Structure formats: structure tokens, C-alpha cells
2 protein chains.
Amino acid sequence: MDDQLSQDLNTIPLLSGLSARTLLQLRGVALRRTYAPGALILLEGDPCAAVFFIVSGQARIYRLSPQGRQQVLATLGPGQGFNTVPPFVPEAFNPASAEAVSETAVLTLRKEDFVSLVRVCPDLSWAILEDFASRLLHLTDLVEDLALRSVRGRLARFLLEQADGLYVTRQWTQDEMAVHLGTVRDVVGRALRSLVDAGLLRIERGRIILLSREGLEAETDS
Amino acid sequence: MDDQLSQDLNTIPLLSGLSARTLLQLRGVALRRTYAPGALILLEGDPCAAVFFIVSGQARIYRLSPQGRQQVLATLGPGQGFNTVPPFVPEAFNPASAEAVSETAVLTLRKEDFVSLVRVCPDLSWAILEDFASRLLHLTDLVEDLALRSVRGRLARFLLEQADGLYVTRQWTQDEMAVHLGTVRDVVGRALRSLVDAGLLRIERGRIILLSREGLEAETDS
DNA sequence: CGCACGCTACGACAAAAGTCAGGTTCACGT
DNA sequence: ACGTGAACCTGACTTTTGTCGTAGCGTGCG
């Protein structure tokens with residue numbers, strides 16, 4: 001019983017807690033797929049056919065504007081699910097696009113299978129409630145950011161979030177930051193420089209050093 | 001059994017579908033309160049003590065910036081609930097402020113009562129899932145609006161949404177629109193005028209007339 | 001009637017955000 | 001070594017957004 005699919009299921013907290021009986025059922029309907037880096041997993045506006053859970057790799061969830069600008073809603077890693085919202089509303093369309101950041105493996109469930117699973121399993125429905133709740137909070141923060149803060153303020157917040165202590169080690173390109181902050185590369189570049197000029201940051205190859213968390217916190221408002 | 005509380009419960013779809021037994025339980029723990037127009041119902045950042053359901057009136061849910069600017073997240077009417085999210089996350093703080101728009105009556109449940117109610121009642125938890133799902137979609141749209149559209153575009157979308165056919169009858173002040181659109185009064189004023197100049201709107205006392213829904217749809221992108 | 005108040009109009013201005021073009025650096029593969 | 005492309009820097013420029021002060025206009029009320 002510890003084949004590929006079982007291992008995959010174990011990496012997904014939402015599903016791994018299910019009863020042995022439900023798991024057995026699940027094995028019959030779950031499908032495993034992999035995507036190359038950059039591959040489109042689903043397109044916003046399409047009818048919702050399935051829900052996804054990431055086994056390995058990362059996926060970026062985003063919206064596109066008519067002009068082609070992006071806004072990232074979330075970047076998800078192993079164990080997290082996406083496109084789990086539309087099954088619960090009457091007209092089920094994918095609310096956002098998703099693409100693989102790195103080589104990414106997912107489990108998919110047809111919408112109907114997912115819904116009936118949730119119906120019979122209170123634990124699962126509770127887990128999804130918690131998931132939705134935290135996503136609502138996250139989106140609310142994002143809305144506040146976009147509506148009430150300048151790019152500079154958003155960038156400061158973003159860096160504070162990303163930083164592990166004083167160091168942001170993950171390599172972010174300005175373009176990536178831009179789509180997270182709801183703006184464009186050039187503007188991120190300027191904002192970064194202006195924070196550097198203000199003595200709040202230092203940029204070295206491959207990482208960013210926060211010289212003053214307090215200073216950045218202050219930039220946060222406005 | 002058809003006292004005040006029963007009537008109140010009946011106006012709330014989320015709760016009215018509960019079993020007679022659960023309802024009885026509910027009657028013991030639900031509290032009725034009323035708020036004058038403009039009264040603050042809850043303040044963002046405070047520890048979450050209770051969840052709310054509107055019996056009559058309206059409530060505006062919003063976030064405040066350090067500078068005092070607002071962003072409205074939702075305006076809710078009878079039957080709808082708010083502050084229902086924090087009970088599902090580990091550290092429960094009110095995610096937003098709420099104030100009564102008109103004279104407003106609410107039922108409140110202590111967080112713990114609400115949670116145990118959800119735990120024992122699958123119908124309720126399903127209903128909340130649906131509620132959360134539609135709120136996630138709504139917030140996602142809001143994020144796209146704020147990140148990817150100009151004020152002009154947002155205003156166009158807003159008016160199209162508000163309009164019943166070609167007429168927006170509800171009296172919106174520019175200030176109210178501004179807090180919905182994540183901007184300030186002056187800017188809404190300018191955007192309105194520019195849409196009027198473009199021949200897409202006419203403004204009469206007490207209402208706004210959309211002269212061309214197609215034209216406004218076009219303004220929608222950007 | 002006259003006054004206060006809320007809402008709006010308008011113009012001038014400042015700041016922020018977005019756009020564009022040219023040039024630099026650096027990693028990578030041939 | 002060389003070319004290529006991605007990422008980034010830079011400055012100039014436009015547009016959008018935000019801010020301010022002043023003024024008009026209607027409604028309601030003493």
C-alpha cells in the first residue's frame with residue numbers, strides 16, 4: 001500500500017488525515033500529473049473541471065489584466081491546494097490562472113469527486129474551512145496593501161515578510177516582486193534604490209540585507 | 001415559539017436551516033443588539049470575541065490605513081454574517097472594522113458557541129464554505145481591480161455593477177464611492193466628470209444615467 | 001429669511017506611478 | 001572567446017493619482 005500515490009497523498013495535510021476507507025475511495029479517482037517549469041496549469045475563466053493539490057514543486061496563482069499585466073495572488077508549495085474555491089459556488093469558473101514555477105507534480109480530483117468527498121467527511125470540510133479562512137485574511141491584507149499603501153510601503157512590507165532575520169536569501173527578480181506588488185519592474189527598481197539611498201537596505205549579489213527593520217516598519221505606513 | 005428571537009433567526013439563511021434541536025440550543029446563546037447609524041460595531045485588530053449576523057439594517061466592513069483612509073471590503077444587509085472568519089484561524093483577531101450604515105440589528109454568537117455549532121452541524125459548515133467561497137471570489141476581483149485597473153476603469157465597473165439597467169438610483173456620494181474604489185473623493189469627482197465628458201454618463205440630481213453600457217465596458221480595461 | 005452644513009466643482013499643484021529608450025553587467029552555452 | 005539573453009541601472013518623460021484651497025449650491029433648521 002505504499003506505492004507512489006500513497007506517498008503523494010501523505011504530503012498533502014488536507015487529505016492525509018482522512019479515514020482509511022475514504023483514502024481507498026480517493027485512490028480510485030485521484031490523478032497525478034506533472035508540469036514543466038513555466039507550464040500553464042489552468043487558465044482563469046475556463047469552466048472549473050478539477051481541483052489541484054501540489055505534491056512537489058511550486059505553483060504561482062495569478063490574475064491577468066487585459067493589457068497583460070499580472071497580479072500574483074499566491075505562490076504555493078507542496079501540500080497546498082488550489083482551484084478549490086469554484087466547486088462551492090453555483091457557476092464554477094477558474095478564478096485565476098496557475099502556472100508551474102519549477103518542475104511540479106500535482107494530484108487532481110474532478111470537481112464532483114472533490115465535492116462529494118467534502119460532503120461525507122467533516123474533518124475535510126473543517127480543514128477546508130480553515131484553509132479558506134486563512135486565505136481570506138491573506139487577501140484582505142493584500143487589498144489593504146493595494147488600496148492604501150504606496151509601492152514603497154508595499155515593498156517594505158514585502159521585504160520584511162520575506163526576510164529571515166535581516167537577510168532575504170531567496171533570489172527575487174524585480175519582475176517577480178513587481179507582479180507580487182501589483183506594479184511593474186521599473187517602479188520596483190526605483191523603490192528599491194530609494195530604500196537603499198535611505199540607508200534601510202543593502203543589495204548584494206544574490207541577497208538583500210535589511211539594515212534597519214525599524215526603519216522599514218516605519219516606511220510601511222503610506 | 002415565534003417570539004422576537006425566532007423571527008430574527010428566520011431572517012438569517014445560514015442559521016434558519018438548522019435542526020429544531022440545534023435551534024433550541026442556539027436560542028440560549030444568541031444575543032440581540034442594535035446599533036445607531038454610524039455606530040462602530042467592531043474594530044480591526046481587537047481579539048475576536050463574537051460573530052455577527054445582520055437581522056435588519058446594513059453594515060459596512062472596511063479597513064483603515066494609518067493615515068485614516070478607508071477601503072470598504074463589503075457592505076452587508078439582512079441575513080449576512082461578518083467576522084465569521086477569525087474563529088477558524090489560530091490567532092483570532094478581527095480582520096476589519098464594521099460600522100452600522102443605518103439603524104442596524106444584529107444577532108451575535110460568542111466565538112466558542114459558533115465554533116461548536118459548526119462542528120456539530122454539517123449543513124452549517126457547508127453553508128459557511130459556500131459563503132467563504134463567494135467572498136474569496138469577490139475579494140479576488142477586488143484585488144484585480146486595485147492592482148490592474150485605473151480609477152477610471154474601476155469606477156466604470158462599479159457603476160455597471162450598481163446600475164439596474166441604465167439607471168443607478170441609489171444615492172451614492174462621491175465619498176462613499178471613493179472608499180469602495182480605494183481612492184479619495186476628489187479623484188472620483190474627476191473620473192466622473194471625465195466619463196460625463198466622454199458622453200458615457202449623465203448625472204441628474206439623485207441618480208446617474210448610463211448612456212452607453214458598451215462604452216463603459218470598454219473603459220473597464222485599464 | 002439667513003445660516004450652517006454636507007456635498008460638489010474647479011483649478012493649481014505635488015507626488016507617485018507608469019512608460020520608454022539606451023546602456024551595463026553577468027551567466028551561460030556554443 | 002564570443003555571442004546571446006536575462007536582469008538590472010539610469011535618466012527623461014507622461015500620465016495618473018493625491019492634496020489643497022477656494023468657491024458654489026442645495027437642504028434643513030432655527
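We name chains A, B, ... by the order of the sequence lines, and we start the count at 1 in each one. Keep in mind that this is a model prediction, so the values were computed, not measured. All values below were derived from every heavy atom in this structure, side-chain atoms included, with hydrogens, water molecules and symmetry-related copies excluded.
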Checklist entry - Hey, does B:Arg149 reach any base, or is it just sugar-phosphate, or nothing, if we go heavy atoms under 4.0 Å? => result nothing

Checklist entry - Heavy atoms under 4.0 Å, any strand shown: does A:Val151 hit a base, just sugar-phosphate, or nothing? => result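 Sugar-phosphate contact only - A:Val151 comes under 4.0 Å of backbone atoms but never of a base.
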
How long is the line joining [atom1] of [X] and [atom2] of [N], in whole Å?
X        : N      : atom1 : atom2 : answer
A:Gln171 : C:dA27 : CD    : C1'   : 12 Å
B:Arg69  : D:dG18 : CZ    : P     : 5 Å
B:Leu148 : C:dG18 : CG    : P     : 10 Å
A:Arg185 : C:dA21 : CZ    : P     : 14 Å
A:Met177 : C:dG18 : CE    : P     : 15 Å
A:Leu181 : C:dG18 : CG    : C1'   : 15 Å
B:Ile203 : C:dA9  : CD1   : C1'   : 11 Å
B:Asp186 : D:dC20 : CG    : P     : 10 Å

With respect to the phosphate group of [N], does any side-chain polar atom (N or O) of [X] fall under 4.0 Å of OP1 or OP2?
X        : N      : result
B:Arg152 : D:dT15 : no
B:Arg190 : D:dT16 : no
B:Arg193 : C:dC10 : yes
B:Thr183 : D:dG18 : yes
A:Gln174 : D:dC9  : yes

Checklist entry - Is the base of C:dC7 touched by the side chain of B:Asp175 through a donor-acceptor pair closer than 3.5 angstrom? => result no

Checklist outcome for this item: Tightest non-hydrogen contact, residues B:Ser97 and B:Glu44, listed as OG-N, 3.1 Å

Next on the checklist: Check for me whether the distance between the ring centres of B:Phe53 and B:Phe82 falls short of 6.0 Å.
Outcome noted: no

Checklist entry - Can the ring centres of A:Phe88 and B:Phe132 be said to be less than 6.0 Å apart? => result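 So the answer is no for these two rings.
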
Item to check | Any donor-acceptor pair under 3.5 Å from B:Gln7 side chain to B:Gln4 backbone | outcome: no

Checklist outcome for this item: Of A:Gly182 and B:Leu192, the one whose closest nucleotide on DNA chain C sits nearer the 5' end is B:Leu192

Checklist entry - In chain order, what residues pass the side-chain contact (heavy atoms from CB on, under 4.5 Å) check against B:Pro78, with sequence neighbours excluded? => result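 Counting only residues at least two positions away or on another chain, B:Pro78 forms no side-chain contact (heavy atoms from CB on, under 4.5 Å).
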
Checklist entry - Which of these nucleotides, D:dC9, D:dT17, C:dG18, is closest to any side-chain atom of A:Val187? => result C:dG18

